[in-house]
Protein chains: 2
Amino acid sequence: MSVNDVEHCDVVHKHADVVLKVHREMPDDDKLYDLAELFKVFGDSTRIRILFALFEEEMCVCDIADSLNMTQSAISHQLKILKQSKLVGNRREGKQIIYFLADDHVRTIIDQGINHIEE
Amino acid sequence: MSVNDVEHCDVVHKHADVVLKVHREMPDDDKLYDLAELFKVFGDSTRIRILFALFEEEMCVCDIADSLNMTQSAISHQLKILKQSKLVGNRREGKQIIYFLADDHVRTIIDQGINHIEE
DNA sequence: TCAACATATGAATAATTGTTCATATGTTGA
DNA sequence: TCAACATATGAACAATTATTCATATGTTGA
């Protein structure tokens, strides 16, 4: 029994080719981790709502907070996460910081999600 | 000041139209919640790896556990979540339960995620 | 019917995370 | 330069969650 067989059913030999194929095609841990991190960002309804707000148009933090009826601090914390994932960008305009969608993967990913839950 | 203005910057009047537009276009809470729940499922690297395994072909729980070098119990718990989100389906074949991808939104969503992180 | 196998599941634990509160940073107009 | 405004951020708390361990459920062949 190989050290890799943490757990193993009796078909391990019969299905060894499947296991090998999966190993061969599985992306690197780094990539898997990054992917999961990206989807985690979409996995919070506050952040989803921020993205929906920005679908309409770019906005200052304050307008997002108003639109979502949440505190400025809560929004600011979430915007930081959205920015780190490069889902939104920002620029300063005087006292305000304007946030906007970084690209349209955001829209595509959310649309696919909607497709799925609406089936 | 409206009861809806939990927090408000001084441009609340100037930007009131933006806030209204966001309100108008924002999906229902139920939908937002479901969306976030769906993406949460993608937000775990174990579940992502299970999905990548199933991209190759349908498999019994045991083969997934072998492929990912994880315990049967851990995989089983995660498969339950994937099934609840209708991302995978299963059927019994004798003693084994065969899991498979439910549809190809899964692939599309993950591909979009990959596109994003690889830019 | 029973032993062996495959999978599911409940409880417990450790780790992660969203919001709040208080406060810091940075900008503007007077 | 300073007060008012807009945003960011660190610490703390509550809530959620992934894995482990032990065990239950369900299937098969003898």
Colleague: Whole-Å distance between C/dT19 C1' and A/Ile50 CD1?
Modeller: 12 Å

Colleague: To the side chain of A/Asp44, which of D/dT27, D/dT19, C/dG18 is closest?
Modeller: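 Looking only at heavy atoms from C-beta outward on A/Asp44, the closest nucleotide is C/dG18.
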
Colleague: Using atom CG of B/Asp66 as one end and atom C1' of C/dT7 as the other, report the distance to the nearest whole Å.
Modeller: 14 Å

Colleague: Is D/dA18 paired to anything, Watson-Crick or G-U wobble with both distances less than 3.5 Å, and if yes, which nucleotide?
Modeller: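 Result: C/dT13.
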
Colleague: Please identify which of these residues, B/Thr46, B/Ile109, B/Ile110, meets the side-chain contact (heavy atoms from CB on, under 4.5 Å) condition with B/Leu51.
Modeller: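 The single option meeting the side-chain contact (heavy atoms from CB on, under 4.5 Å) with B/Leu51 is B/Ile110.
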
Colleague: Between B/Arg47 and B/Val41 (side chain of the first, backbone of the second, donor and acceptor by atom type, cut-off under 3.5 Å), is there such a pair?
Modeller: yes

Colleague: Please identify which of these residues, B/Ile75, B/Asn90, B/Ile98, meets the side-chain contact (heavy atoms from CB on, under 4.5 Å) condition with B/Val61.
Modeller: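 Passing option: B/Ile75.
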
Colleague: Checking base pairs now: Watson-Crick or wobble, both atom distances under 3.5 Å. What partners D/dT28?
Modeller: C/dA3

Colleague: Scan B/Asp111, B/Asp104, B/Asp103 and name whichever one has a salt bridge (charged side-chain N to carboxylate O under 4.0 Å, His left out) with B/Arg107.
Modeller: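 Passing option: B/Asp111.
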
Colleague: For the pair made of CD in B/Gln72 and C1' in D/dA18, what is the distance, rounded to whole Å?
Modeller: 15 Å

Colleague: What is the separation between atom CD on A/Gln84 and atom P on D/dT9, rounded to the nearest whole Å?
Modeller: 9 Å

Colleague: Let me spell it out: for each of A/Arg47 and A/Gly94, pick the nucleotide of DNA chain C with the closest heavy atom. Which residue's pick is nearer the 5' end?
Modeller: A/Arg47

Colleague: For B/Leu32 and C/dG18, what is the distance between atoms CG and P respectively, to the nearest whole Å?
Modeller: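 So the CG-P distance, B/Leu32 to C/dG18, works out to 16 Å.
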
Colleague: How long is the line joining CD1 of B/Ile97 and P of C/dC5, in whole Å?
Modeller: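 In whole Å, C/dC5 P lies 18 Å from B/Ile97 CD1.
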
Colleague: With a 4.0 Å limit, can you tell me whether B/Thr71 has a side-chain N or O closer than that to the phosphate oxygens OP1/OP2 of D/dC21?
Modeller: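 For D/dC21, OP1/OP2 do not have a side-chain N/O of B/Thr71 under 4.0 Å.
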
Colleague: With heavy atoms under 4.0 Å as the rule, sort A/Ile64 into base, sugar-phosphate or nothing.
Modeller: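 A/Ile64: no heavy atom of the nucleic acid under 4.0 Å.
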
Colleague: Write down the distance between CD (B/Glu93) and C1' (C/dC5), rounded to a whole number of angstrom.
Modeller: 16 Å

Colleague: Return the nearest nucleotide to the side chain of B/Asn90; candidates are C/dA8, D/dA8, D/dT20.
Modeller: C/dA8

Colleague: Let me know, please, whether B/Tyr99 or A/His77 comes out on the 5' side of the other along DNA chain C by nearest nucleotide.
Modeller: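 Nearest-nucleotide comparison on DNA chain C picks B/Tyr99.
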
Colleague: Which nucleotide, if any, forms a Watson-Crick or G-U wobble pair with D/dA11, using both distances under 3.5 Å?
Modeller: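 Its partner is C/dT20 (Watson-Crick or G-U wobble, both distances under 3.5 Å).
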
Colleague: Write down the distance between NZ (B/Lys40) and P (D/dA18), rounded to a whole number of angstrom.
Modeller: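 So the NZ-P distance, B/Lys40 to D/dA18, works out to 10 Å.
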
Colleague: Can you see if the side chain of B/Lys95 gets near the phosphate of C/dT7 - specifically, an N or O under 4.0 Å from OP1 or OP2?
Modeller: no

Colleague: Compare side-chain N and O positions of A/Gln78 against OP1 and OP2 of C/dT19 and report whether any pair is under 4.0 Å apart.
Modeller: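 Checking C/dT19 against A/Gln78, a side-chain N or O does come within under 4.0 Å of OP1 or OP2.
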
Colleague: B/Ile98 near the nucleic acid: base, sugar-phosphate alone, or nothing, with a heavy-atom cut-off under 4.0 Å?
Modeller: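 Since no nucleic acid heavy atom lies under 4.0 Å of B/Ile98, the category is nothing.
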
Colleague: Side chain of B/Ser73, base of D/dT19: donor and acceptor closer than 3.5 Å?
Modeller: no

Colleague: How far apart are the closest heavy atoms of B/Tyr99 and B/Leu54, and which atoms are they?
Modeller: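 Here B/Tyr99 and B/Leu54 meet closest at O-CD2, 3.6 Å.
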
Colleague: Closer than 4.0 angstrom, basic N to acidic O: yes or no for B/Glu119 and A/Lys86?
Modeller: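 No, this pair does not count.
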
Colleague: Of the options D/dT7, C/dG26, C/dT19, whose atoms approach the side-chain atoms of A/Ser76 most closely?
Modeller: D/dT7

Colleague: Look at the side-chain N and O atoms of A/Arg92 and state whether any lies under 4.0 Å from the OP1 or OP2 oxygen of C/dG26.
Modeller: no

